[in-house]
Amino acid sequence: NNAAIGKDKILIEQRNFRTVKFWKSSSQFTASTWVFGDYIVMCMSRERPHYLIEIYDKVLAHNMRELFKGIWDMIPEQP
């Protein structure tokens, strides 16, 4: 149906705004960490027990964001 097609098109267009870089030194990471706003979320789902931790801390979120920005700047752009 047209509504579903329109929704898929929006999702594809939104994905084009993201840049993905692969950090060669990251082969040992086994969990995901996201920082958004004043929240930090850590998720582990590769093995049991699965867990998700959400932390609300403005200062810690800021510090994690700065750390990730520094790492991001060190990773070269892929052609």
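Since the model is a prediction, treat every value here as computed from it, not as a measurement.
- Note on I75: it clusters hydrophobically with M64, by side-chain heavy-atom contacts below 4.5 Å among ILVMFWY residues.
- The shortest non-hydrogen separation linking A61 to G37 is CB-O, 3.7 Å.
- Taking K69 as the reference, E66 meet the side-chain hydrogen bond (donor to acceptor under 3.5 Å, both in side chains) condition, with sequence neighbours excluded.
- Cluster membership for L52 and I40, using ILVMFWY side-chain heavy atoms within less than 4.5 angstrom, is not shared.
- Taking OG1 of T33 as the start and CE of M44 as the end, the distance is 12.0 Å to the nearest 0.5 Å.
- No continuous path of ILVMFWY side-chain contacts below 4.5 Å connects V41 to V35, so the two sit in separate hydrophobic clusters.
- You'll find the side chain of M42 reaches within 4.5 Å of the side chain of I55, heavy atoms only.
- I53 and W34 fall into different hydrophobic clusters, where Ile, Leu, Val, Met, Phe, Trp and Tyr are joined by side-chain heavy atoms under 4.5 Å apart, directly or via other members.
- With sequence neighbours excluded, the residues that form a side-chain contact (heavy atoms from CB on, under 4.5 Å) with Y39 are F36, E54, Y56.
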